Amino acid sequence: MSIKSVDERRLREVALTPDEYRVIVEQLKRAPNEVELGMLGVLWSEHCSYKSSKALLRRLPSTGPGVVQGPGENAGAVEIGQGWSVVFKIESHNHPSAIEPYQGAATGVGGIIRDVIAMGARPVALLDSLRFGPLPESRHHFEGVVAGVGGYGNCIGIPTVGGEVFFEDCYASNPLVNAMCVGLVRTDHLMRARAEGAGNSLMLVGADTGRDGIHGASFASVELDEKRSERRPAVQVGNPFLEKCLLEACMDLSHTDAVVAIQDLGAAGLTSAVAECAGRVDGAGARIDVSRVPRREREMTAYDVMLSESQERMLVVVRRGREREVETIFQAWDLTSAVIGEVTDDGQLTVFDGDDQVARVPVRLLTDGVPMRRLVGLPPEPPYGLEVDALPPLADVGATLLRLLASPNLASRRGVFRRYDHMVGDSTVVAPGGDAAVLRVKGTRLGIAVTTDGNGRYCHLDPHLGAQLAVAEAARNIVATGARPLAVTDCLNFANPDRPEVYWELEEAISGLAYACRMLEVPVVSGNVSLYNDSGGESGIYPTPVVGMVGVMDDYGKRLGAGLRAEGDFVLMIGSSHNDLGGSEYLKVEHGHVAGRPPGLDLTRERAVHRLILSAAQSGYLHSAHDCAEGGMLVALAEACLLGGLGVRCPAMRPEPPLRLDAAFFGESSSRFIVSVPSRAMPEMQSLARRHNVELSLLGLAGGDIIEFEGQMKVSLSDLRTAWESLIT
Amino acid sequence: MIARVIVTPKPVVNDPQGLTVKQGLGALGFTEVTDVRVGKYIEVKLEDGSEHEARRRVEEMCRQLLANHVIEDFHFDLEQEHKRR
Amino acid sequence: MIARVIVTPKPVVNDPQGLTVKQGLGALGFTEVTDVRVGKYIEVKLEDGSEHEARRRVEEMCRQLLANHVIEDFHFDLEQEHKRR
Amino acid sequence: MKFGVVVFPGTWSDRDCGWVVDQVLGHELTYLWHKDTDLGGCDCVILPGGFAYGDYLRTGAIARFAPIMEKVGEFADRGGLVWGICNGFQVLCEAGLLPGALIRNASLEFRCEWTNLLVERTDLPFTAKCGERDVLRVPIAHGEGSYFADPATLSRIEQRGQVVFRYCDADGRVVPSANPNGSLHNIAGVINTRGNVLGMMPHPERCSEAELGGTDGLKLFRSVAENAFKVLVS
Ligand SMILES: Nc1ncnc2c1ncn2[C@@H]1O[C@H](COP(=O)(O)OP(=O)(O)O)[C@@H](O)[C@H]1O
Ligand SMILES: [Mg+2]
């Protein structure tokens, strides 16, 4: 059988290369038929197979003391104590959101929720990490995505408690929409999507199947081209109401022992759900009959049904003979369920359409057969350097602060998160607006802190360091609430890896993530890769690894907020500042450059600072804590004031050379926090800092309604607030 | 001049709202209902002018703002003066 | 049989959506637009039967479910077979 | 005192309300499934927040026809306490148990944030524990919470004192800037003429514990728990 027997156009349609086709023919010892070709095409797509990135992902640490489920399942799981585990994962929905912002974002949220449900966990929180081109041009995308995230999350009743929004030129044609879901489960109820037990039934539950998003997965793996419109039917309309019913029914289900496993249907629909479930069990196979799949549309072919990406569906592996029980549970929620096949032990995925066999492919060929792509990485020309000494000195501190606070990347996100129900569930004990959000675990004193972070600009300037900084920043956000960083989920958003400089960025970023996660002892338990974010013939997005992190605290009564709390408190800076202006928001906003090296990072020092903050929080010395991130110390200080509704009065800032004044105020040095301490706790705080060998300096005293650095700046909170809330329309 | 624009989900696109309304009608005893699709109705009043020109403009409005051509179809009527059917 | 139901906000009810659409159209240069109201369009397919009976039933559906008389008006057309305008 | 919390498909504040009744107040709790046809002997029925039936078509439009609603209507007619919160308020208006309707927020956006409520009636079983013209801090979370009634209805409910809560500023001033959704007369909650059916858009169950940012909502739950008899004997 030669390659000539298949039309090259057809191969392109299913996104397979001639080489891959050759492997298929070799393995099957025959040419695949149409249905088989379609099935292999989607599962061998980058999106499903990770053929360009899998080798690199192995570098990430994925084990640790608390890890009960690492990568490989629908979501990762980590024990948090008292019999509870937290389950979480992040996923991209970049390409669909580029085409239809509302529905793309909405179905992204719907998809990640199902991953958590499949683990038997109840979803308790959502986060959204977003990147757009600059405003105002990107307003349509920005508004649509935010409305879509809210539209789904608000309706289904899971609080959206965190995320990020960045605006940068490189995302103009390639907006990024990453959604993260966090769930809770009793550790002994954790489920795994394994098709165990030949003879057990496969049931499809939830929405009817339509011709939605056929080839969506392969579509996510190619560059968006000019002919977008031809692929437009790939956009799907989500039904959060149906998913809410599905969620509750699955929760009811996970309390029975009639069920062996639950698997969500995501990209590549039924094909991937069945193959993945079977693929997780040695020797397992499945036999399904597409004529038993409930349809939304008439005249659907076996091909359509196998590749449909209709939302809000789940595959349930049911113990033989217990199908009725499952049906009853779904009926109670007015949901359809249908037995569509059974688990076998022949290692084959066999598909029937009524009496006709329409496909038979070894499960292993589907899930692990794709040849890994060996790409080459070549470092690009290093981004032009930054002559810090050539920068003009800081002219007007107050005016600069106002401009920074009003800049789209630093302005308050209240206009975003007030459109999200972030309170439903009665568990949000630290609301969005500060650093990480904190949710209590009802019935215990445990609190979990959640955040997403990633700075594409840093990664563009130095992907290895930038990725480390993302992990460190996420950890800092967790620590700022008084929680211990626990584990990570990551979403790797990159341009076309076939370009050597992009592949190099990917390699570097993954190494950086791996290194930082090892050093901070936060294993990566789940994640997602989104490549080919470079439509429109531009150079593509900055390398943008996004880190989702979860932390835990034993007593949420000791949680900290970012805002100042009491008049007269000492406002301190923890950590030390350097001339870290490279890649800073200050450099971009005030000088129009994206240049230089990102802030240096010493992860041993970073850890020492975390230990200090956590032990001070534990001892009750702190009234608030906020990390210094984009915008540097003065922006962090202003945020702490605005969030707390309290000003601060400081002596003039006199940095010791070679530290520059602009860097002291607006540099983005790592490993720093702004904390407030009641005066009585100051001596203890100071000795604690000495013990941890961490620099502590007094910035000023909390109180009043202005921020003042004597003789250098004096701005009222209300002026600052007006600037900060500029994004709210 | 008044344009009555009707925007409907494309036939192949999932219409959760229509589905739910259909079930709702069924539950109320309207079992003769075989399908429901829910769309938008937009009444646009325009300064008077030529019908030909108005048609062109409204078509343009639909394309640019009123309908989301990724998932929706539209059509419209024009009427010279406002009278309710 | 197909019923095309149009539900519109009563004139006394604020229609912020209509206002926003109007502003949006204005911003896009459609300055000839003097007013916009946004309502719903609901297409209900029915098993075939007498038109008289269908009219009665659809009227009933509107009263009971499809429109809320506190805030909305409705009217509808019936058509024997499905043909798109 | 036994509370019944109604669960429609798409309801999500059921567990939050249940949590307050059960864990915070320590009163008896039962969940009422939308397909149920009795109220399980409860003394107060809560219709909680959510998107019943996705809020498709109109908020509360389909939910009002659920089998349980017939019983809720009968219960209300007998003087039983019915408390609609957020989506529950929308359902009660659709069902005609309360006057008016809730339409899209003027901003056209969903809003989740804290609001201040001026309490205008303290003679009700729902508000007996509030002081005269108390200002309560209670969060909202809705996209369609703008209260509307035609002019005649509006003046009637104002005359009869059926407005229980109004959005106000922190000092209790009922001003437009304190109105989060464009409600007529800043209305956040209304009662029926008999005084036993309350609808409100804000979420008292989200502010019944200090760790959630406030406890003003608990005043309302306490009021019901301790004053239900007032209505039942009337
Ligand atoms: N897209 C979003 N959705 C929800 N919350 C968001 C979003 N973007 C930002 N936030 C919230 O706003 C606050 C500030 O965000 P950000 O400046 O990115 O914080 P940080 O720099 O501490 O990571 C955080 O609480 C964050 O979770
Ligand atoms: Mg932070």
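Proteins get letters first, then strands, A, B, ... in listed order; numbering begins at 1 in each. None of the values given here were measured: they were computed from a predicted structure.
- The CD atom of B:Glu32 sits 7.5 Å away from the CD atom of C:Glu53 when rounded to the nearest 0.5 Å.
- The minimum heavy-atom distance linking C:Tyr41 with B:Lys40 is given by the pair CB-O, 3.7 Å.
- For chain C, the option among B:Val33, B:Leu25, B:Thr31 with the highest count of heavy-atom pairs below 4.5 Å is B:Val33.
- Between the CD1 atom of C:Ile42 and the NZ atom of B:Lys22 there is a distance of 15.5 Å, given to the nearest 0.5 Å.
- Residue-level contacts of residues 58-68 of chain C with chain B, in order of numbering, are C:Glu60, C:Met61, C:Gln64, C:Leu65, C:Leu66; threshold 4.5 Å between heavy atoms.
- Here the side chains of C:Ile2 and B:Asp35 are not in contact, with every heavy-atom distance at 4.5 Å or above.
- Remark: side-chain polar atoms of C:Thr34 are paired, donor with acceptor, to backbone N or O of B:Lys45 under 3.5 angstrom.
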